[in-house]
Asker: 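The structure is given below, and queries will be raised subsequently.
Each chain gets a letter, A, B and so on, in the order the sequences are listed, and its residues count up from 1. Keep in mind it's a predicted model, so treat the numbers as computed, not measured.
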2 protein chains.
Amino acid sequence: MTSSPKIETKAEPKIEPKDRKLSSFLCFAVYSANLAFGRAYKPILDKVGLTYTQYIALIALSEADELTVSALGEKLFLESNTLTPILKKLELSGYIRRARDPADERQVRVSMTPAGRRLLDEDITVSLKDATGLGDEFPVVQKSVARLRDNLLRNTQGEAKKA
Amino acid sequence: MTSSPKIETKAEPKIEPKDRKLSSFLCFAVYSANLAFGRAYKPILDKVGLTYTQYIALIALSEADELTVSALGEKLFLESNTLTPILKKLELSGYIRRARDPADERQVRVSMTPAGRRLLDEDITVSLKDATGLGDEFPVVQKSVARLRDNLLRNTQGEAKKA
DNA sequence: TGAATTTGTATCGCGTCCGATCTAATCGGG
DNA sequence: CCCGATTAGATCGGACGCGATACAAATTCA
């Protein structure tokens with residue numbers, strides 16, 4: 001769309017600086033959609049005393065138990081500086097347990113408590129699937145956004161980690 | 001393994017509680033894609049001394065100048081508690097101006113400085129369009145995510161504001 | 001007009017994110 | 001075996017996002 005090459009120009013002939021509408025920014029769509037998700041989850045999660053991030057971390061843990069902090073972080077794209085306080089709160093809430101691995105005392109193994117498992121089995125977020133209003137598109141959008149994320153991480157992690 | 005009730009229940013015949021994979025969650029895709037965007041923008045925005053949110057706010061302001069804080073908040077889906085500190089930093093950085101409206105001293109009019117306008121004209125984020133790796137899908141995904149956001153806000157704002 | 005209410009912004013506290021740094025445990029070479 | 005390097009978490013400070021609240025300006029209405 002940016003290039004409709006009738007005649008070959010060296011660079012862009014002329015770019016209007018004005019046509020940078022916020023609505024055209026994919027990053028803003030994702031940013032604001034994330035805010036919207038947080039607000040949608042809030043009244044539901046308030047009832048069980050969890051935050052949005054804590055709930056997501058709990059789901060990640062439900063897939064594979066006894067994960068280390070860094071292994072959990074790989075699933076969530078987070079590191080210990082973010083994860084540690086969250087896990088401490090989840091432990092305080094009684095949904096998970098944290099314990100140093102006897103085989104390697106540097107590592108912390110995180111596991112779900114029965115209370116945590118019970119919470120997820122309730123499936124408190126069923127109502128939200130309708131709220132997305134995506135219908136059959138739901139899995140398509142989900143995959144597109146996941147692909148977007150993976151592309152962004154791959155194409156920038158290169159610079160971040162390389163430096 | 002926690003419970004596999006063979007007896008037929010009235011509503012859902014049988015839902016495996018285990019198949020709630022993190023990767024199947026749209027909210028997680030959006031959540032992590034937002035993190036990825038923030039990380040992708042960071043090295044670029046660091047060079048001009050802006051944060052991700054500050055940059056988005058600047059773009060919103062470029063569309064319509066002399067906005068009030070709440071009008072800007074409507075564009076950004078943010079309120080004064082979040083916006084005020086951000087705008088103060090943008091003012092301190094010299095990219096915007098803040099001034100009480102003489103006609104209504106309650107309101108604060110926000111406008112861009114020439115430095116702010118110059119910054120946006122540089123279009124420092126061009127390189128990121130490729131990093132999304134979406135190609136022609138780009139506008140489709142953007143619209144889907146924006147629609148998702150609008151649906152979520154509409155379907156939950158009702159409860160939030162009504163209460 | 002004057003008191004009550006509403007409105008627009010700002011402040012505060014908590015919970016993420018994240019870069020930078022710290023500490024303790026493990027590993028590896030000599 | 002000891003010492004330096006690496007690794008896994010944790011801590012700290014800065015910047016959001018947001019509910020609750022404060023405060024002053026504007027509006028309403030008796």
Side-chain angles (χ1 to χ4, degrees), chain A residues 31-43 45-46 49-58 67-74 76-93 98-110 153 156-157 160-161 163, chain B residues 31-43 45-46 49-57 67-74 76-93 98-110 153 156-157 159-161 163:
Chain A
Y31 166 84
S32 50
N34 185 50
L35 294 184
F37 257 124
R39 291 169 199 179
Y41 270 105
K42 181 130 208 322
L45 292 177
D46 275 350
L50 286 181
T51 65
Y52 185 43
T53 308
Q54 287 168 19
Y55 181 66
I56 288 179
L58 207 54
L67 285 177
T68 65
V69 172
S70 47
L72 192 55
E74 279 180 29
L76 296 167
F77 306 99
L78 294 174
E79 294 175 23
S80 71
N81 51 5
T82 302
L83 222 37
T84 296
I86 293 170
L87 295 177
K88 283 189 171 179
K89 279 159 205 150
L90 277 173
E91 184 179 39
L92 208 61
S93 301
R98 290 160 68 248
R100 290 280 168 182
D101 188 334
D104 186 343
E105 290 277 348
R106 290 174 302 181
Q107 298 183 146
V108 170
R109 296 282 169 184
V110 187
L153 289 176
T156 58
Q157 184 177 357
K161 294 276 178 175
Chain B
Y31 165 84
S32 50
N34 185 49
L35 293 185
F37 256 125
R39 291 167 198 180
Y41 270 102
K42 179 129 209 322
L45 292 177
D46 274 349
L50 286 180
T51 66
Y52 185 44
T53 309
Q54 287 169 18
Y55 181 67
I56 288 178
L67 286 177
T68 66
V69 172
S70 47
L72 193 55
E74 280 181 28
L76 295 167
F77 305 99
L78 294 175
E79 295 175 21
S80 70
N81 51 5
T82 302
L83 265 181
T84 296
I86 292 171
L87 295 177
K88 283 190 171 181
K89 279 160 203 151
L90 276 173
E91 184 180 37
L92 209 60
S93 302
R98 290 160 67 249
R100 291 279 167 182
D101 188 335
D104 186 343
E105 289 280 347
R106 289 173 304 181
Q107 299 183 142
V108 169
R109 296 282 169 183
V110 187
L153 289 176
T156 58
Q157 184 177 356
E159 296 180 43
K161 295 276 178 175

Asker: Going by heavy atoms in the side chains, are B/Phe37 and B/Tyr52 under 4.5 Å from each other?
Answerer: yes

Asker: Can you name the closest pair of heavy atoms from B/Ala71 and B/Leu67 and give their distance?
Answerer: CB-CD2, 4.0 Å

Asker: Taking only the side-chain heavy atoms of B/Leu35 (C-beta and beyond), determine which of D/dC16, C/dA24, C/dC17 contains the nearest atom.
Answerer: C/dC17

Asker: Using 30° and 60° as the class limits, which term best fits the ring planes of A/Tyr41 and A/Tyr55: parallel, tilted or perpendicular?
Answerer: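 Aromatic pair A/Tyr41/A/Tyr55 classed tilted.
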
Asker: In whole Å, I'd like the distance from the CZ atom of B/Arg39 to the P atom of C/dG19.
Answerer: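 After rounding, the gap between these two atoms is 7 Å.
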
Asker: Do the side-chain N or O atoms of A/Thr68 get closer than 4.0 angstrom to the phosphate oxygens (OP1, OP2) of D/dG9?
Answerer: yes

Asker: Hey, which sits more toward the 5' end of DNA chain D by its nearest nucleotide, B/Gln54 or B/Glu105?
Answerer: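 Checking each residue's closest nucleotide, the 5'-ward one belongs to B/Gln54.
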
Asker: Do B/Arg106 and C/dT9 have a side chain to base donor-acceptor pair shorter than 3.5 Å?
Answerer: no

Asker: Give the nucleotide from the list C/dT16, C/dG19, D/dC16 with an atom nearest to the side chain of A/Thr82.
Answerer: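 Closest nucleotide among those given: C/dT16.
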
Asker: Among D/dG9, C/dT11, D/dG19, find the nucleotide with the atom closest to the side chain of B/Thr84.
Answerer: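 Looking only at heavy atoms from C-beta outward on B/Thr84, the closest nucleotide is C/dT11.
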
Asker: Less than 4.0 angstrom between a side-chain N/O of B/Tyr31 and OP1 or OP2 of C/dC17, yes or no?
Answerer: yes

Asker: In whole Å, I'd like the distance from the CZ atom of A/Phe77 to the C1' atom of C/dT16.
Answerer: 18 Å

Asker: Looking only at side-chain N and O atoms, does A/Lys89 come under 4.0 Å of OP1 or OP2 in C/dT16?
Answerer: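 For A/Lys89, the contact criterion (side-chain N or O under 4.0 Å from OP1 or OP2 of C/dT16) is met.
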
Asker: Figure out the CD1/C1' separation between B/Ile56 and D/dA15, and round it to whole Å.
Answerer: 14 Å

Asker: Classify the nucleic acid contact of B/Arg109 as base, sugar-phosphate or nothing, counting any heavy atom under 4.0 Å across all strands shown.
Answerer: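 No contact.
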
Asker: Ignoring hydrogens and angles, are the base of D/dG19 and the side chain of B/Asn81 linked by a donor-acceptor pair under 3.5 Å?
Answerer: yes

Asker: To the nearest 0.5 Å, how far apart are CG in B/Leu153 and CG in A/Leu35?
Answerer: 8.5 Å

Asker: Quick check for you: to the nearest 0.5 Å, what is the distance between B/Arg109 atom CZ and B/Arg98 atom CZ?
Answerer: 14.0 Å

Asker: What is the distance, rounded to the nearest whole Å, between atom CZ of B/Arg100 and atom P of D/dC23?
Answerer: 15 Å

Asker: Whole-Å distance between C/dA20 P and A/Glu79 CD?
Answerer: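 These atoms are roughly 11 Å apart.
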
Asker: Of all residues at least two apart in sequence or in a different chain, which pass the side-chain hydrogen bond (donor to acceptor under 3.5 Å, both in side chains) check with B/Lys42?
Answerer: B/Asp46

Asker: Using whole Å, what does the distance between atom P of nucleotide D/dG9 and atom CG of A/Leu83 come to?
Answerer: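 That distance rounds to 9 Å.
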
Asker: Given D/dG9, is OP1 or OP2 found less than 4.0 Å from the side-chain N or O atoms of A/Ser70?
Answerer: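 The answer is yes; a side-chain N or O of A/Ser70 sits under 4.0 Å from OP1 or OP2.
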
Asker: May I have the distance from A/Leu90 (atom CG) to C/dC14 (atom C1'), rounded to whole angstrom?
Answerer: 15 Å

Asker: For the side chain of B/Thr51 and the base of D/dA15, is some donor closer than 3.5 Å to an acceptor across the two?
Answerer: no

Asker: Judged by each residue's nearest nucleotide on DNA chain C, which is more toward the 5′ side, A/Ser80 or A/Asn34?
Answerer: A/Asn34

Asker: Taking only the side-chain heavy atoms of B/Lys88 (C-beta and beyond), determine which of C/dT9, C/dC18, C/dT11 contains the nearest atom.
Answerer: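 The nucleotide sitting nearest to the side chain is C/dT11.
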
Asker: By nearest nucleotide on DNA chain C, pick out whichever of A/Leu78 and B/Val108 is the more 5' one.
Answerer: B/Val108

Asker: What is the distance, rounded to the nearest whole Å, between atom OH of A/Tyr52 and atom P of D/dC18?
Answerer: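 Taking atom P of D/dC18 as the reference, OH of A/Tyr52 is at 11 Å.
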
